[in-house]
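Within every chain, numbering begins at 1; the chains are lettered A, B, ... in the order of the sequence lines, protein sequences first and strands thereafter.
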Amino acid sequence: MKKRVSKYVETAVAAVAAARGLDGADLPEIGIGLPREKAFGDFSSNIAMQLAGRWKDNPRAIGSALKDELDKESDLALVTIDGPGFINMTLDISCWHSRLLDIIGQGAEFATLDYGQGRRVLVEFVSANPTGPLHIGHGRGAAVGDVLARILKRAGFAVDREYYVNDAGNQMMVLGRSLRWRYLELLGHRSGEIPDGYYRGEYLLEMAKELRADQGDDLIVGNVNEEDVVGLEFFTKLAADAILLGIRNDLNLFGVEFEHWTSEKDFFTSGRVDVALADLKKQDVLYEEEGAIWFASSRFGDEKDRVVVRANGVKTYFASDIAYHREKYERGYDLLIDVWGADHHGYVPRLKAAIEALGNEPESFAAILVQLVSLSRSGTPVAMSTRAGEFITLEEVVNEVGKDAARYFFLTRRSDSHLEFDLELAKSKNNDNPVYYAQYAHARICSILRKIEEEGLEIDGTGNSTGASLTLPEELDLIKKLDDFTVVLESAARNLEPHRLTYFLDDLAAQLHSYYNRNRVINEDGKVSGDRLLLITAIRQVINICLTLLGVSSPEKM
RNA sequence: GCGCCAGUAGCUCAGCUGGAUAGAGCAACGGACUUCUAAUCCGUAGGCCGGGGGUUCAAGUCCUCCCUGGCGCGCCA
């Protein structure tokens, strides 16, 4: 509807411009918004104020000229000029009734947009080292990335989800050593505290036990000294594979699936890192200093240059990441989105620099920074320390509070603001819990629909209803809210902000609950019942679409 | 020291690309179940949008300077 109104205003502006003999070019974008006060109508535009400067006339005079044009439009029941020069427009009520029918007619396809125009997007998220189970912070990243992908898909992008497995580098060696240490401990070759820097989580102890049960004690050969590297590879691979499998399972439980899993190690072994570096060399942005090879990222806005090949000849993580992102473009993606922990924000400029140096538009890359999650239980903080190996895993959270609540909670804040996750709150089955608020609205509507069906109530069938009896302010507000979903979805996609969906849903649920308490759908008047049935059917449909986008279930009973 | 992000009601946070009298939830107080689910609703109260200056028809939103908090500043990943 917003676009329709926007057209009317555009036409009016063109007409007035022509009448005044002004050039139609150089016009500002038509801004259409929802008025703060309902009394001001359905939509408002600030165009008259924007034109005032360019046309050298006062906003109210321009507004009044535009009003004369807009008054010719039959869909507009009322056009007024208010305040400093806002043009407020009220649509004919029948427009809203037909919009309701339109929304129902579109069914599950409602609010599928062509905003993305089929452009290909790669959303990379989680991408945790396979050195331990996912914790709650990863969970937030997973929820943000997954829902963002769903939103973009619905907004008309061709979306793939990808997990970049950071399976190269020192961390993996340490992982192998940690598992080996545990294994040797079982055989009595190690005792006391596991060395500093090693992974001390319980899971490695379990893994070592399974390994011993499976393979016996023979693995000791070539591994008895910490310095031995011959047999280390075996332990590293074993641990990484097992952990990665666990990660996949956790993510599946959480409702997240990836189209691609890409290994960092492969970039090194296949020589693709070298290819990327050669590319940079061709662009003349590499140089040697103090035995290392540097990328001149400061020429592209980074605060200093970065090493890509160390003096000892080992390529850095950054080098492989350049190769990885280079390949993303090569694979045909138009837009790259990386979801990272906010502590990596300092990494953004250098990667952007590399992307630009390789000839890509810097705007085609976006990093979504996700802030830390602090965990609490009934208000008291739950201590988490990765160092001590004490952390709450994603699996534990999902098991305790459920997938729906966990996902919803992760999306109740903007991703770059801290999130306090209260386990008891997420678990509570009462009105403190925002998840149930939305789901309950859905269940309530289903309950009404069930009642109608079960009792075979005689109300005008949907086919005969036109919505014409929906004249209460709260009924029209509900229709407008449903209509606004397309706007919300587009802005969530444009700004890469999935949390907008939970806020929209919360609002819609509130309106439904309020309406439910004041009005009865099943009514003595069959015509009214039929129209209201239409309304709640549409609401149910939008709630369902929204919950599905969030990856949260839509219960029919609660 | 430099950089990034944040600072909005007692608490946790929204505020769409700069729009009209700044919103919600929780907590507090007072009400509503013989009626489609009370996991709900209705009402009351609560504000120097961290502070100063600037840009303009218009600033919570943009610029600048300070204050406070978090994070980052490695030939780690």
(request) Output yes when at least one side-chain N/O atom of S514(A) is less than 4.0 Å from OP1 or OP2 of rC42(B), else no. (result) yes
With 3.5 Å as the limit, what N/O pairs link the protein to nucleotides 2-8 of chain B?
from, atom 1, to, atom 2, distance (Å)
rG3(B), N2, H345(A), NE2, 2.8

(request) Just call it for N495(A): base, sugar-phosphate, or nothing, with non-hydrogen atoms closer than 4.0 Å on any strand. (result) sugar-phosphate
(request) For N170(A) and for G346(A), locate the closest nucleotide of RNA chain B by heavy-atom distance; then report the residue assigned to the nucleotide nearer the 5' terminus. (result) G346(A)
(message) If you compare every side-chain N and O of Y437(A) against the phosphate oxygens of rC41(B) (OP1, OP2), does one of them come in below 4.0 Å?
(response) yes
(request) Would you kindly check whether a donor in the side chain of N46(A) faces an acceptor in the base of rG19(B), or vice versa, at under 3.5 angstrom? (result) yes
Check: protein-nucleotides 57-59 of chain B nitrogen or oxygen pairs below 3.5 Å:
none

(message) Is there a side-chain contact between Y317(A) and the phosphate of rA77(B), meaning an N or O under 4.0 Å from OP1 or OP2?
(response) no
(request) Classify the nucleic acid contact of Y440(A) as base, sugar-phosphate or nothing, counting any heavy atom under 4.0 Å across all strands shown. (result) base
(message) Suppose we call two aromatic rings close when their centres sit under 6.0 Å apart. Are F125(A) and Y163(A) close by that rule?
(response) no
(message) When you measure only distances, ignoring hydrogens and angles, does the side chain of S44(A) come within 3.5 Å of the base of rA20(B) through a donor and an acceptor?
(response) yes
(message) Under 4.0 Å from OP1 or OP2 of rC73(B): is there any side-chain N or O of R350(A) that close?
(response) no
Which atom pairs link the protein and nucleotides 33-36 of chain B when you take only N or O atoms and keep those under 3.5 Å?
from, atom 1, to, atom 2, distance (Å)
rU35(B), O2', R520(A), NH1, 2.4
rU35(B), O2', R520(A), NH2, 3.1
rC36(B), O2, I522(A), N, 3.3
rC36(B), N3, V521(A), N, 3.0
rC36(B), N4, Y516(A), O, 2.9
rC36(B), N4, N519(A), O, 2.3

(request) Give a yes or no on whether a salt bridge exists between E490(A) and K3(A), defined as a side-chain N under 4.0 angstrom from a carboxylate O. (result) yes
(message) Suppose we call a contact any N or O donor and acceptor under 3.5 Å apart; does that hold for the side chain of N88(A) and the base of rA20(B)?
(response) yes
(message) Can you confirm if the aromatic rings of F40(A) and F86(A) lie within a centre distance of less than 6.0 Å?
(response) no
